[in-house]
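Everything below concerns the one structure shown next.
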Amino acid sequence: LEYGVSDDDAFAVGLACGGRIRVLLDVVGGSLPAPVLADLVSARAARRPVALISDLTGATRRLAGPEGLEARFRADRSGLTDDAAAFVAIHNPPLRLVIVGAVHIAQPLVAMARLAGHDPVIIDPRPAFGAAARFPGERIIDDWPDTALAALAPD
């Protein structure tokens with residue numbers, strides 16, 4: 001879908017400087033086949049970087065790995081291909097933030113990390129500190145930092 005507005009109407013629709021906006025809209029089961037969406041969800045759950053490539057001329061959708069798209073993945077930059085024939089949506093796994101020590105300042109740090117789009121992991125071998133009641137829904141590793149980091153294998 002493509003929208004353009006005059007400078008007079010631009011601010012009212014969120015385009016403060018006027019101009020044009022293009023929106024790629026996919027219908028699951030239509031332009032976006034359900035199996036492609038399922039594979040995308042699986043890749044994200046496995047923390048595997050993947051790109052959803054939308055052919056804008058033939059309306060096909062496919063997934064691709066980083067091969068041949070290294071610069072896009074490194075920059076975490078989605079966008080049109082050089083010939084504007086396809087849109088490449090980069091889906092990198094969220095950056096992990098390893099927090100060693102489940103002390104009082106770790107609680108707001110986890111919340112800030114989530115707001116910034118990070119995937120926090122808390123490491124603390126002390127059950128009184130690294131407790132689910134203090135960090136509901138967060139991943140807590142009950143081990144010493146050197147052992148926990150070796151098992152976590154930071155990427």
Side-chain angles (χ1 to χ4, degrees), residues 1 3 13-16 21-56 58-155:
L1 306 172
Y3 299 95
V13 295
L15 296 172
I21 186 169
R22 294 174 68 189
V23 179
L24 177 61
L25 179 67
D26 275 323
V27 177
V28 176
S31 57
L32 179 62
V36 173
L37 179 59
D39 290 345
L40 174 61
V41 170
S42 295
R44 290 182 53 84
R47 297 186 56 84
R48 192 172 69 250
V50 66
L52 174 61
I53 301 177
S54 302
D55 177 359
L56 301 177
T60 60
R61 306 295 184 255
R62 66 181 177 86
L63 296 180
E67 304 78 28
L69 298 169
E70 290 88 354
R72 280 189 184 272
F73 276 93
R74 219 176 0 267
D76 201 25
R77 182 164 295 139
S78 299
L80 292 172
T81 55
D82 291 339
D83 61 0
F87 185 82
V88 180
I90 299 296
H91 293 270
N92 278 319
L95 296 174
R96 284 193 276 190
L97 175 66
V98 178
I99 301 169
V100 178
V103 295
H104 67 286
I105 61 172
Q107 291 172 303
L109 181 57
V110 167
M112 288 187 288
R114 286 270 175 225
L115 284 171
H118 295 293
D119 183 15
V121 177
I122 303 148
I123 299 173
D124 199 316
R126 304 168 296 178
F129 289 92
R134 295 187 69 223
F135 298 93
E138 297 299 336
R139 181 173 178 198
I140 303 168
I141 300 176
D142 179 15
D143 214 339
W144 291 101
D146 54 346
T147 305
L149 284 169
L152 189 60
D155 49 15

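As the structure is a computational prediction, the values presented were derived from the model and not from experiment. Residues take their numbers from the sequence shown, with the count starting at 1. The figures that follow rest on heavy atoms only: side chains count, while hydrogens, waters and symmetry mates do not.
Looking at heavy atoms from C-beta onward, V50 lies out of side-chain contact with D39 at the 4.5 angstrom threshold. Side-chain contact between L56 and L80: present, with at least one pair of heavy atoms (C-beta onward) separated by less than 4.5 Å. Looking only at side-chain heavy atoms (C-beta outward), D143 and P125 stay at 4.5 Å or farther from each other.
For R134 (side chain) and A102 (main-chain N/O), a donor-acceptor pair under 3.5 Å exists by modelled atom type. Under the 3.5 Å distance criterion, the side-chain polar atoms of D124 are left unmatched by any main-chain donor or acceptor of I140. For E70 (side chain) and G68 (main-chain N/O), a donor-acceptor pair under 3.5 Å exists by modelled atom type. One N or O on the side chain of R47 and one on the backbone of P94 form a donor-acceptor pair closer than 3.5 Å. Remark: side-chain polar atoms of R61 are paired, donor with acceptor, to backbone N or O of D55 under 3.5 angstrom.
Put simply, the residue from V110, L109, V121 that forms a side chain to side chain contact (heavy atoms under 4.5 Å, CB included) with L97 is L109.
Atom CG of residue L52 and atom CG of residue L63 lie 6.0 Å apart, to the nearest 0.5 angstrom. Here CZ of R44 is found 9.0 Å from CG of N92. Values are rounded to the nearest 0.5 Å. The CD1 atom of I90 lies 4.0 Å from the CZ atom of F73; values are rounded to the nearest 0.5 Å. Here the CE-CD1 distance, from M112 to I105, works out to 8.5 Å after rounding to the nearest 0.5 Å. From R139, atom CZ reaches atom CD1 of I99 across 13.0 Å, with rounding to the nearest 0.5 Å. Distance check: F135 CZ to I122 CD1 gives 4.5 Å after rounding to the nearest 0.5 Å.
Applying the salt bridge (Lys or Arg N to Asp or Glu O under 4.0 Å) criterion to R114, with sequence neighbours excluded, gives D119, E138.
In this structure, D82 places its CG atom where only 12 or fewer heavy-atom neighbours from other residues, nucleotides or ligands lie under 6.0 Å away. For CZ of R77, the number of neighbouring non-hydrogen atoms (other residues, nucleotides, ligands) closer than 6.0 Å is 12 at most.
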